Amino acid sequence: MAFICYSFRCDNKPYSLQPNSLQPKIPMTIDETLTYDFAAIETKWQSEWQNKATFKVSEDQSLPKYYLLEMFPYPSGRIHMGHVRNYTIGDVIARYKRMKGFNVLHPMGWDAFGLPAENAAIKHNTHPAKWTLENIAYMKNQLRRMGFSYDWDREVATCNSDYYRWEQQFFIDLYNKGLVYRKMTTVNWCEPCQTVLANEQVIEGACWRCDHKVMPREMNGWFFKITDYADELLAELDNMPGWPDKVLTMQRHWIGKSVGASIDFAIENSSKRLPIFTTRPDTIFGATFMSIAPEHPLLDELCRGTAQEEQVRTFVEETRNAKQRANYEDVLDKAGVFTGSYCLNPFTNERLPIYAANFVLMEYGTGAVMAVPAHDQRDYEFACKYGLAIKPVIQPESGELPSNAAYEGPGALIDSAEFSGIDNEAAKKAITAKAAAKGFGKAQTTFRLRDWGISRQRYWGAPIPMLTCEACGIQPVASADLPVLLPTDVQFDQSGKSPLHTMESFFSTTCPRCGGRARRETDTMDTFVESSWYYARYTSPRFQGGMVDMAAANYWLPVDQYIGGVEHAILHLLYSRFFTKAMRDVGYLTIDEPFTNLLTQGMVIKDGTKMSKSKGNVVDPDTLVKQYGADTVRLFGLFAAPPERDLEWNDQGVEGSSRFLSKLYRFVAANSSNKQTEATPETTLDGESRLLQRKTHQTIQKFSTDIENNFHFNTCISSVMELMNVLTTQDQAHPSVVRFAIDTVIKLLYPMVPHICAELWRMTGHSESLDTMAWPAFDPEAAKEDELTIVIQICGKVRSRLQVPVGTSEEQLKEMALADERVEKYLGQGPIRKIIVVKDKLVNIVV
RNA sequence: GCGAGAGUGGUGAAAUUGGUAGACGCACUGGACUUAGGAUCCAGCCCACGUGAGUGGUUGGGGGUUCGACUCCCCCCUCUCGCACCA
C-alpha cells in the first residue's frame, strides 16, 4: 500500500518522501481532508443521529430485547466526570448490544425534585422549577455533545405532574393495601436542610446531602411499610448472581435478620408484662437481671413511687443529652440505674431486678433485653460495673469458661432444669417450644430494617396525596382529583421552611367523603420515591392510564444491565427493589426484581481524592470536549481503568487517547482510496499478510471476550492498539487484508468512539450505516498461530526459549529442550530427576 | 470491634484452569526531521552488578503446598469501603 506523507508545518508545504527507515508510517498533515477535525465530525454525526432518530425503539417481539439503564442524574447544573464515565460505559454497552442484534432500550431522564433546586431558588430569588428546567436543558445538551445513544423520546423529568401523578396514585394504592401509614415517632432531623431523613439517608450519623449531624426529633410522618417485604428482599438476594457480592452483602447486613424468640416476663406487683426479644433463648436460665431502654414506655410506671424514682429520671435525662452530644463513632460507656422494680423469669420464677440501661435501643426488638452476663459481653460489662450476679449456663465443649469475659460460643446447657445437658442449638428450639406451649413466648424473627419514612418538610417535591377531614379523619385524595399539583405561585423565606405549610389556598380543601372542611398534607415525598420506579416508567413514558403500560413493561422489564455508583448500594437500590415488589402486588408489574445485572462503577478521582469543588480538583467535561472532542474523552475514561475500579484522571493520559485517535484517523484517511477491494481476506496468505490477518482475527476474539467478561474495555482497547501497531508497520500486506483489518478496527471501536468510526466508515466507502452493522465474527482458523514460543525452564527458572510449530508433540519438545545449547550449559551437575512438559507452553527440567 | 475488598515498575494498569510477570498507555531518556517543536517518526525504559553477552533479584512482609505461585493455604502489616452496643 502507498503511504502519503505530509509534514506538519506552518507553511503547509509537503516534504518529499524519504527512503530511509525513519520514514513515518503514518502521514502527518494539516491538509483539510486528512486532519482529524473532531468538532466537525462529532457535530455532523450527532445531528444525523438526532435527525434520523437512530436510537428510537419500540417493542418488537421479533427481536431479543435488552434494557440498558444508567442511574439518571440530578439536574444540578452541569454534568461532571462521574456522569461522563457512567454514561460512557452505558453507551458502549448499548451500542455493542445493538450490534449483537438486540433491540436496545437506552433511555435518559432527570431526577428533578430535590433540595438543591429549592435552596438555589431561595438564594437567587427565582423558582425551583425554572432553575431545574434550565439545568435540564443545559445538561441535555452536554449529554448530546457526548454522543450518547439515548432514545430521547422517552425522556422523563420527575418534577412533571405527568410523572408524579402516578406516584400519588400508587401512594394511595399502597395506603389502601395497608402499606402506607402515619405515625408520630423519633425521626432524623437535619437542621440545615430543614427536613426529616430516612435511616438510609443518614451516613455516619450525618445527612447524606449536607453532611451536617442529624438530631433526633419527635414528629408525625408517613411511612412505607418496607419491613413487610424484609423477608423477600433478603431471600431474593441469594438469587441475584448478576449483582456484585459487595452490594449483596451490604443489603443483607442492612436488612439484618435475626432469628430468635420473644418471651414475656411478668412484672412483680403488676398485671403488665415485659416482652423481650432474644437470639439466645438457650441462655434464659442464666438471666440475672433485665435491661430496658431509657425511652421504654413502661419505665415511668416501673419507677414511680420507688426510692429510685428520682435517680431514674435523672439518668434518662442525662442519657438523652449524652446521646445528642455523642458523635457517630462514640460508644458510650455502659451505664444504668435500678428502676426499683422486679420481673420474674418465667422459667425459674427468679426475681430479676429491672435496670434502665443506656445501651439498650428502643428501636430494636422490644426495647427490653434479658441480661445474661455469663454469655453476653455487654451484659457482662454491665454486671461487673454494678455488682450483679453472673450465672453460667453454657459449658464449652472443651476448656473452661473465660474468667474475665462472657462466653458467647456453643456448648451444652448446665443448671438449666430439664434442659441441662442438651446442646445449646437444640436447646434454643426446645426452650422456645416450651415458652410457646406455656403461652409466654414464641419464635420470632426480627429485622434491623426500619420502615421508610418519606415525609419531607420541604416544598420542591411531589405532594403527598392525603388530607385530614375534621369529621372523617385521615383520607386519601380521590383518584379523580389527582394529580395534587405542586402550586407554583409560592413565596420562599430564607429559613427554608416550606411555603406549603402556610399556604391556605393549597392546604384548605374539602373531604372527598363527606364534603366537609379538610386540610391537605403539606409535606412532600422523599425524592427517592421518584427514583424508585423511573426505570418502569421509561417503558411507557407517556402512558396516561397508570404508572406503566403493562404490555410495554412486560416486554422490556426487568432492566438487563443497570449501571451506577456504589453509593446507592443500599438507598436507591433497596427502595427500587421494594417498589418493584409493591408494584407487582398492586398489579402493575409481573416481575420480582428490577435489575438483573448491576455494575457499580468506581469514582473518578484526581490527585488521589474524589473530584469535588471544595478540593478544587474538578475537571470540566465541557472544557475537555472542546479541547479534545467527545470521542477522546470517552476513550480515555474507558482505557484508564476497568469500570468497577476508581479512575484516576490524568490530563496526559487524555493526550495519549487523543494521539491514538488522530493516528487512527490519519491512517484510515491515507488508506481510504482502498475502496474497491473486497473486504474479505484471501484463504492462503503468507508473510505480512498472514501476520496481519491472524492479528485481526485474534483481536476480534480478544475484544469480544473482554467486553463480555465484566466489560473490561481497557483491555479491549489495548488489543486494538496492538492491532493498529501491526497494521501501521506491516506495509507489505495485501490490500484486501489491510482493508479487512481497517474495517474491523472501525467496527470494534464504534461503541466506544462512535463519531470518528462513523466518519471513517463512510470515508472508506461503505454506504450502509455503521449504526446497524453487525458485530464482527472471528474465524478461529485464521486466528490460529502457526508457531509458538516454548519456554524451557530448569527447576522453574526460564533458561531458554524454543520456536516450534503448533502441535509439536511432547516427546519432540522434550528432545528439543535437552538438545538446546543453553540448556546443556546448565545441566552440567546432577542427574535429571524429572521433565515436565506442558503442551504449547513449556518444558521444565528438574535436576 | 464486625463484615467486604484491595496491595504488581516513576505512573494508569495487564497476566485462561497455578505455567515467559509488567501487554497496552502515560511519563522519562536518547536520536531523526526541523527556523522552532508542545506535532510526528525511530529507539531505549522493573531493580542491582557488568562496556557487553550475561548473572542475580523482584508482584506489601513472613512461612507453606508445588517441578513451577501475582494466582492456592496459614500468619502478619497497610489502605479503602460498609456497619456501629441490633440483644
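The structure displayed is predicted, hence computed values, not measured ones. Every chain is numbered from 1, with letters handed out A, B, ... down the list of sequences.
- For the C1' atoms, the distance linking B/rA4 with B/rG56 amounts to 40 Å, nearest Å.
- Note on A/Ser258: a side-chain N or O is less than 4.0 Å away from OP1 or OP2 of B/rA87.
- Rounded to whole Å, the distance from CH2 on A/Trp243 to C1' on B/rG82 is 16 Å.
- The interatomic distance linking A/Arg833 (CZ) with B/rU66 (P) rounds to 11 Å, in whole Å.
- Going from atom CD1 of A/Ile717 over to atom P of B/rA23 covers 17 Å, rounded to whole Å.
- One atom, CD1 of A/Ile832, and another, P of B/rC67, lie 17 Å apart when rounded to the nearest Å.
- By the salt bridge (charged side-chain N to carboxylate O under 4.0 Å, His left out) test, A/Arg85 is found to be paired with no residue, residues two or more places apart in sequence or in another chain being considered.
- Within the structure, a side-chain polar atom (N or O) of A/Arg659 is placed less than 4.0 Å from OP1 or OP2 of B/rC26.
- A close approach under 4.0 Å does not occur between any side-chain nitrogen or oxygen of A/Lys834 and OP1 or OP2 of B/rG68.
- Across the protein-nucleic acid pair, A/Gln601 atom CD and B/rC81 atom P stand 17 Å apart, rounded to whole Å.
- Using C1' as the reference atom, B/rC2 and B/rA21 are 36 Å apart when rounded to the nearest Å.
- A residue-by-residue look at A/Phe359 and A/Lys246 shows that A/Lys246 has its nearest nucleotide of RNA chain B further toward the 5' end.
- OP1 or OP2 of B/rG56 sits under 4.0 Å from a side-chain N or O of A/Arg799.
- Side-chain contact check for A/Asp631 versus A/Phe38: every heavy-atom pair is 4.5 Å or farther apart.
- Using a 4.0 Å heavy-atom criterion, one finds that A/Val360 contacts the bases of the nucleic acid, with or without backbone contacts as well.
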Taking N or O atoms only and anything under 3.5 Å, show me the protein contacts with nucleotides 17-22 of chain B, one pair per line.
| unit_1 | atom_1 | unit_2 | atom_2 | d |
| --- | --- | --- | --- | --- |
| B/rG19 | N2 | A/Gln793 | OE1 | 3.4 |
| B/rG19 | N2 | A/Asn844 | ND2 | 3.4 |
| B/rU20 | O2 | A/Arg801 | NE | 3.0 |
| B/rU20 | O2 | A/Arg801 | NH2 | 2.8 |

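- One finds a side-chain N or O of A/Asn714 lying less than 4.0 angstrom from the OP1 or OP2 phosphate oxygen of B/rA14.
- For the contact set between residues 637-655 of chain A and RNA chain B, defined by any heavy atom under 4.0 Å, the members are A/Phe639, A/Ala640, A/Pro642, A/Arg645, A/Asp646, A/Gln652.
- Spacing between B/rG62 and B/rU78 at atom C1', rounded to whole Å, works out to 15 Å.
- Remark: A/Lys428 pairs with A/Glu425 by the salt bridge (charged side-chain N to carboxylate O under 4.0 Å, His left out) rule, at least two apart or across chains.
- Checked for salt-bridge contact, A/Asp231 and A/Lys257 meet the test: a charged N lies under 4.0 Å from a carboxylate O.
- Sorted by first and then second residue, the side-chain hydrogen bond (donor to acceptor under 3.5 Å, both in side chains) pairs with a member in residues 833-847 of chain A form an empty list; sequence neighbours excluded.
- A stem is defined here as three or more consecutive Watson-Crick or G-U pairs, each with both distances under 3.5 Å; for RNA chain B these stems are B:1-7 with B:77-83, B:10-12 with B:24-26, B:28-32 with B:40-44, B:46-49 with B:54-57, B:60-64 with B:72-76.
- Between A/Arg252 and B/rG82 there is no side-chain polar atom (N or O) within less than 4.0 angstrom of OP1 or OP2.
- Scored by the ring-ring contact (aromatic ring centres under 6.0 Å, His included) test, A/Tyr575 finds A/Trp452, A/Phe528 as partners (sequence neighbours excluded).
- At a cut-off of 3.5 Å, with distance as the only test, no side-chain donor of A/Thr632 or A/Tyr36 sits close to an acceptor on the other residue.
- Using C1' as the reference atom, B/rA48 and B/rG31 are 27 Å apart when rounded to the nearest Å.
- In this structure A/Phe315 satisfies the ring-ring contact (aromatic ring centres under 6.0 Å, His included) test with no other residue, sequence neighbours excluded.
- Between B/rG5 and B/rU20, the two P atoms lie 26 Å apart (nearest whole Å).
- Here A/Asp646 pairs with nothing under the salt bridge (charged side-chain N to carboxylate O under 4.0 Å, His left out) rule; sequence neighbours left out.
- Spacing between atom CG of A/Leu723 and atom P of B/rG25 amounts to 12 Å, rounded to whole angstrom units.
- Here the separation of B/rU58 from B/rG10, taken at their C1' atoms, is 16 Å to the nearest Å.
- Distance A/Glu204 CD to B/rC83 C1': 9 Å, rounded to the nearest Å.
- Look at A/Arg450 and you won't find any side-chain N or O under 4.0 angstrom from OP1 or OP2 of B/rC86.
- For A/Lys797, the side-chain atoms get nearest to B/rG57 when compared with the rest of B/rG57, B/rC83, B/rA23.
- Listed candidates were B/rA4, B/rA14, B/rC86. Nearest to the side chain of A/Tyr364 is B/rC86.
- A/Gly656 comes within 4.0 angstrom of sugar-phosphate atoms only, judged by non-hydrogen atoms across all strands, and of no base.
- Comparing B/rA87, B/rA23, B/rC41 by their closest approach to the side chain of A/Arg378 singles out B/rA87.
- Qualifying side chain to side chain contact (heavy atoms under 4.5 Å, CB included) partners for A/Glu708, counting only residues two or more places apart in sequence or in other chains: A/Tyr96, A/Lys97, A/Lys100.
- Among the heavy atoms of the strands lying under 4.0 Å from A/Lys334 is at least one base atom, whether or not backbone atoms are also near.
- For A/Tyr380 and B/rC85, the OH to P distance is 22 Å, given to the nearest whole Å.
- Considering only residues two or more places apart in sequence or on other chains, A/Asn199 meets the side chain to side chain contact (heavy atoms under 4.5 Å, CB included) condition with A/Asn188, A/Trp254, A/Arg450.
- Between the C1' atoms of B/rC72 and B/rG19, the separation comes to 14 Å (whole Å).
- Checking B/rG25, B/rC85, B/rA13 against the side-chain heavy atoms of A/Met721 singles out B/rG25 as nearest.
- Base orientation of B/rG9: syn (glycosidic angle within 90° of 0).
- A distance of about 30 Å separates the P atoms of B/rG54 and B/rU8, rounded to the whole Å.
- At a threshold of 4.0 angstrom between heavy atoms, the contacts of A/Asp379 with the nucleic acid are absent.
- In this structure, A/Lys385 places its NZ atom where more than 12 heavy-atom neighbours from other residues, nucleotides or ligands lie under 6.0 Å away.
- Using bins of under 30°, 30° to 60° and over 60° for the plane-to-plane angle, the ring pair A/Tyr355/A/Tyr386 lands in the tilted bin.
- In terms of modelled atom types and a separation under 3.5 Å, the side chain of A/Asn710 and the main chain of A/His712 share no donor-acceptor contact.
- The side chain to side chain contact (heavy atoms under 4.5 Å, CB included) search around A/Ala374 returns A/Ile390, A/Pro392, not counting sequence neighbours.
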